[in-house]
> 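I am attaching a structure below and will ask some questions about it afterwards.
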Amino acid sequence: MSSKGNEYFCEVEEDFILDRFNLTGLNNEVANYSQALDLITDNLDDDIQDELRGSLDVQARLLYGLIHARWIVTARGLQKMLEKYKRADFGRCPRVLCQQQPLLPVGLTDIPYEKSVKLYCGRCEDLYSPKSSRHGSIDGAYFGTTFPHLLFLVYPTLIPPKSGPSDTGSSSRDAGGDSRNRRRARDEGEIAEGGGENINTATVALKADRYRPKIYGFQVHEIAKLQRWQEAVRDRQVARLEGLEEAARNN
């Protein structure tokens with residue numbers, strides 16, 4: 001846990017790992033499951049072959065990551081992740097109107113080796129990629145698709161307001177640094193995007209995928225209801241943009 005790049009993870013209690021009920025089904029996900037589990041719990045024989053030890057390290061990391069995804073949705077796991085959230089260990093939302101809202105890690109799928117971890121903002125309900133390449137290479141399955149939304153369900157007082165300062169906002173010094181980073185990123189984006197006259201705004205808006213928060217595969221009711229309204233508003237705006245762009249082409 002002290003290694004660089006592992007700051008997103010919390011330590012899984014050994015009692016949880018040793019309870020085989022908690023690991024149901026993982027033997028089908030991980031090769032050399034028993035030996036990988038022994039490596040995690042420091043029970044691996046010392047005479048293991050060197051060539052097998054290398055592959056075991058990879059399998060042990062995979063197994064620990066999948067166990068971690070199950071651990072952080074337990075009561076004790078949520079409490080540990082809550083402490084990291086309050087310290088903003090996962091970073092803060094880059095949007096100005098989100099007022100330095102701390103982010104939470106989330107996976108886009110529970111299947112390993114498919115998607116890297118993303119960061120979810122409870123205020124704008126959008127996803128962001130980690131700034132560090134070390135964090136950006138973490139498998140999203142190690143956090144799962146349920147964690148951030150279950151955290152807000154268990155601790156409803158943490159649900160951030162949609163306007164005004166965040167309760168877990170940073171100091172003015174941090175805010176100043178992040179505002180400079182945002183301005184730099186915006187300027188770089190404007191330079192990179194050049195030729196905006198050729199971009200069809202309506203087409204871009206229609207292609208933008210929306211992230212749908214889910215808990216164990218089921219959409220969160222209040223967010224789902226809000227998203228239906230937001231999508232109806234977006235569709236009206238897209239129709240208006242299409243009309244304006246069509247009028248501009250005719251003129």
Side-chain angles (χ1 to χ4, degrees), residues 1-3 5-26 29 37 40-41 61-93 98-112 115-130 132 135 138-162 166-170 211-224 226:
M1 292 299 100
S2 60
S3 300
N6 291 336
E7 293 83 3
Y8 284 6
F9 294 92
C10 68
E11 185 174 355
V12 181
E13 293 179 2
E14 189 171 357
D15 291 344
F16 183 86
I17 299 175
L18 294 177
D19 187 341
R20 296 303 175 94
F21 177 78
N22 296 326
L23 313 185
T24 301
L26 293 185
E29 300 282 344
L37 186 59
I40 291 174
T41 55
R61 283 196 293 270
L62 170 62
L63 179 58
Y64 188 87
L66 296 178
I67 294 173
H68 182 268
R70 296 185 177 191
W71 162 249
I72 61 176
V73 293
T74 65
R76 289 177 295 173
L78 284 171
Q79 182 62 41
K80 285 194 173 185
M81 293 295 278
L82 173 61
E83 295 170 4
K84 297 175 74 66
Y85 170 70
K86 287 182 175 179
R87 295 195 302 265
D89 287 354
F90 310 112
R92 297 182 183 274
C93 184
C98 283
Q99 301 283 338
Q100 300 292 296
Q101 173 65 34
L103 301 171
L104 287 166
V106 65
L108 297 180
T109 175
D110 294 310
I111 302 173
K115 298 283 187 179
S116 61
V117 68
K118 299 296 180 183
L119 299 173
Y120 174 74
C121 175
R123 178 173 286 213
C124 64
E125 299 172 10
D126 214 342
L127 294 182
Y128 301 91
S129 297
S132 169
H135 298 148
I138 297 174
D139 199 314
Y142 296 168
F143 296 89
T145 57
T146 295
F147 162 66
H149 323 302
L150 185 61
L151 182 73
F152 287 137
L153 185 65
V154 175
Y155 300 102
T157 55
L158 293 179
I159 298 175
K162 297 303 178 186
S166 171
D167 292 337
T168 49
S170 65
Y211 174 67
R212 300 182 182 279
K214 294 182 180 181
I215 297 179
Y216 299 118
F218 296 96
Q219 280 190 257
V220 183
H221 173 66
E222 289 299 324
I223 296 178
L226 176 63

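Just so it is clear, the model here is predicted, and its values are computed rather than measured. Only heavy atoms go into these numbers, but all of them, side chains included; no hydrogens, no water, no symmetry mates.
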> Sequence neighbours left out, what passes side-chain hydrogen bond (donor to acceptor under 3.5 Å, both in side chains) with R87? Give chain and number order.
D89

> At their closest point, which heavy atom of R123 faces which heavy atom of C98, and how far apart are they?
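Scanning both residues completely, I find the closest heavy atoms to be CD-CA, 3.3 Å.
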
> Sequence neighbours left out, what passes side-chain contact (heavy atoms from CB on, under 4.5 Å) with D110? Give chain and number order.
T145

> If you look at every heavy atom in Y128 and C121, which pair is closest and at what distance?
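Smallest interatomic distance, heavy atoms only, reads CE1-CB, 4.1 Å.
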
> Return all side-chain donor-acceptor pairs below 3.5 angstrom for residues 66-82, not counting sequence neighbours, or 'none' if the list is empty.
| residue | atom | partner | partner atom | Å |
| --- | --- | --- | --- | --- |
| H68 | ND1 | Y142 | O | 2.9 |
| H68 | NE2 | C10 | N | 3.1 |
| R70 | NH1 | N22 | O | 2.8 |
| R70 | NH1 | T24 | O | 2.9 |
| R70 | NH2 | T24 | O | 2.8 |
| T74 | OG1 | W71 | O | 2.6 |
| T74 | OG1 | G77 | N | 3.1 |
| R76 | NH1 | E13 | OE1 | 2.5 |
| Q79 | OE1 | Y155 | OH | 3.0 |
| K80 | NZ | E11 | O | 3.2 |

> Taking R92 for the side chain and L103 for the main chain, is one N or O donor matched with an acceptor at less than 3.5 Å?
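A pair under 3.5 Å: no.
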
> How far does CG of L151 sit from CD1 of I159, to the nearest 0.5 angstrom?
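L151 CG to I159 CD1: 9.5 Å, rounded to 0.5 Å.
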
> Working to the nearest 0.5 angstrom, can you tell me the gap between F9 CZ and I138 CD1?
4.5 Å

> May I ask you to check whether over 12 heavy atoms, not counting those of K115, lie within 6.0 Å of atom NZ?
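Count not over threshold, so no.
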
> Please identify each residue that fulfils side-chain contact (heavy atoms from CB on, under 4.5 Å) with L127, with sequence neighbours left out.
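L127: side-chain contact (heavy atoms from CB on, under 4.5 Å) contacts with V106, L108, K118, Y120, Y211.
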
> Which atom pair, heavy atoms only, marks the closest approach of P105 to F147?
O-CD2, 3.3 Å

> Sequence neighbours excluded, which residues qualify as side-chain hydrogen bond (donor to acceptor under 3.5 Å, both in side chains) partners of Y8?
none

> To the nearest 0.5 Å, tell me how far C93 SG sits from E125 CD.
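Spacing of SG (C93) from CD (E125) equals 11.5 Å.
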
> How many angstroms lie between CD1 in I40 and CG in L63, if you round to the nearest 0.5 Å?
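If I round to the nearest 0.5 Å, the distance is 4.0 Å.
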
> Quick one: closest heavy-atom pair of D139 and A141, and the distance?
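Heavy atoms of D139 and A141 come nearest at OD1-N, 2.9 Å.
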
> How many angstroms lie between atom CG of L26 and atom CG of L37, to the nearest 0.5 angstrom?
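It is 9.5 Å, given to the nearest 0.5 Å.
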
